[in-house]
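This report refers to the structure that appears directly beneath it.
Being a predicted model, the structure only gives us computed values, none of them experimental. Numbers here simply count residues along the sequence, with the first being 1.
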Amino acid sequence: MTTAHLPLFPLNAVLFPGLVMPLNIFEERYRAMMRELLKADESEPRRFVVVAIRDGHEVAPTASGMPDPTALRERGPSAGFGPEPLKAFHPVGCVADATTVRERPDGSFEVLATGTSRVRLLSVDTGGPYLTAEVEDLTEDSGEGAGALAEVVLRAFRGYQKRLAGARERSLSTSDNLPDEPSVVSYLVAAAAVLDTSAKQGLLEAPDTVTRLREELKLLRAETAVIRHLPSLPAVDLTLKPTSPN
């Protein structure tokens, strides 16, 4: 396995390979991370690891995605994660490339992060101005029958979208703008489905594409059945995702 030592960005959210996540960077430890990433040559990817925080741990007190100026906070790169930060995070994360970084006048940052590949956390280093982690790459096999299963999942996903949005005639997405490569389908559905962090993390950790697609099919069918029995549901645009605060 290939290993690397990369900056670590914990969130109450899951990033998937190939998907884009907007980030609002306001804590000093993560500002320091972005300032360091900006020192890299523009031709090189600005890589860091997005990892989901386990239940019961918080990154920082926030309100509506912004810091609470009255809250007393711990200081240091591991603040809020306890004496053994590795245990505060899920074991599998996603390497991100900070494709767009915009610094605001107050020193905070707006970042667009694109997921690239899955990694497993081996250790967490708290010795610098921000957390870093030793990680190993996770390869992923498609598994037998991934192509056919991806088609079934896409059909279920379209039905799920229609139910979720209250659509009668057309889905929010058509076959013209949805992928057909099984692994890409599996990550897109995992990111777009309205699931809690634990469910999304389970999909990220799936050992192969077929396993992920099978689990998604079960989840989509179950969620669609629940929505079908609700008396009403407001329209939801799955293409619009809220900015993730750090």
Side-chain angles (χ1 to χ4, degrees), residues 1-2 4 6 8-21 47-55 89-97 113-122 133 135-165 171-227 236 238-239 241 244:
M1 285 289 184
T2 302
L6 295 173
L8 188 64
F9 193 90
L11 281 176
N12 288 307
V14 179
L15 177 63
F16 294 92
L19 277 296
V20 175
M21 177 181 284
R47 299 199 308 156
F48 59 100
V49 177
V50 172
V51 64
I53 304 166
R54 292 185 186 273
D55 291 343
F89 310 132
H90 285 282
V92 175
C94 183
V95 175
D97 179 11
T114 302
T116 62
S117 60
R118 300 184 309 153
V119 291
R120 183 178 302 279
L121 271 63
L122 301 178
V135 298
E136 65 176 8
D137 291 335
L138 288 180
T139 58
E140 181 173 321
D141 295 326
S142 293
E144 187 176 352
L149 184 55
E151 294 178 4
V152 176
V153 169
L154 279 178
R155 288 196 295 271
F157 181 58
R158 292 188 185 98
Y160 168 77
Q161 285 184 305
K162 286 182 179 181
R163 289 288 181 180
L164 194 62
S171 158
L172 296 176
S173 300
T174 69
S175 58
D176 294 333
N177 55 25
L178 283 175
D180 55 11
E181 203 284 319
S183 66
V184 177
V185 169
S186 75
Y187 289 132
L188 172 65
V189 171
V194 182
L195 303 169
D196 62 24
T197 299
S198 178
K200 286 180 179 284
Q201 181 66 31
L203 294 174
L204 180 68
E205 295 182 15
D208 52 51
T209 303
V210 163
T211 301
R212 184 177 303 109
L213 289 169
R214 285 174 179 159
E215 183 60 27
E216 287 169 348
L217 187 57
K218 290 192 295 184
L219 289 168
L220 289 171
R221 287 173 172 170
E223 292 295 314
T224 302
V226 170
I227 295 169
V236 174
L238 290 178
T239 65
K241 295 291 183 181
S244 296

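- Counting heavy atoms from C-beta outward, Leu203 and Leu219 have side chains that approach closer than 4.5 Å.
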Worked check of side-chain contact (heavy atoms from CB on, under 4.5 Å) between Phe16 and Lys200: CA-CA 9 Å; Phe16 294 92; Lys200 286 180 179 284; 4.0 Å; yes
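- The shortest side-chain heavy-atom distance between Pro91 and Leu121 does not fall under the 4.5 Å cut-off.
- Side-chain contact check for Val189 versus Tyr160: every heavy-atom pair is 4.5 Å or farther apart.
- Rounding to the nearest 0.5 Å places CG of Leu204 at 8.5 Å from CG of Leu138.
- Heavy-atom minimum distance, Ala52 versus Thr197: CB-CG2, 4.2 Å.
- Ionic pairing of Arg212 and Glu215 is not present here: no N-O contact between side-chain nitrogen and carboxylate oxygen is shorter than 4.0 angstrom.
- Within the 4.5 Å cutoff, side-chain heavy atoms of Pro17 are placed close to those of Cys94.
- Here the straight-line distance linking atom OG1 of Thr116 with atom CG of Leu19 works out to 12.0 Å at 0.5 Å rounding.
- Rounding to the nearest 0.5 Å places OG1 of Thr209 at 11.5 Å from CZ of Arg214.
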Audit row: Glu223, Val194, side-chain contact (heavy atoms from CB on, under 4.5 Å) steps and yes/no: CA-CA 9 Å; Glu223 292 295 314; Val194 182; over 6 Å; no
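- Considering CD of Glu151 and CG of Leu154, their distance stands at 8.0 Å, rounded to 0.5 Å.
- Among all heavy-atom pairs drawn from Asp141 and Asp208, the shortest one is O-CB, 3.1 Å.
- Between the CZ atom in Arg155 and the CG atom in Leu217 there is a gap of 9.5 Å [rounded to 0.5 Å].
- Closest heavy-atom contact between Leu220 and Val153: CD1-O, 3.9 Å.
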side-chain contact (heavy atoms from CB on, under 4.5 Å) between His90 and Val14, intermediate numbers included: CA-CA 10 Å; His90 285 282; Val14 179; over 6 Å; no
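- Contact detail for Gln201 and Val92: the closest heavy-atom pair is NE2-O, 2.9 Å.
- Aromatic ring orientation, Phe9 versus Phe48: perpendicular (interplanar angle above 60°, classes split at 30° and 60°).
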Stepwise side-chain contact (heavy atoms from CB on, under 4.5 Å) test for Phe157 and Val185: CA-CA 10 Å; Phe157 181 58; Val185 169; over 6 Å; no
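- The CZ atom of Arg120 sits 12.0 Å away from atom CG of Asp137, with the distance rounded to the nearest 0.5 Å.
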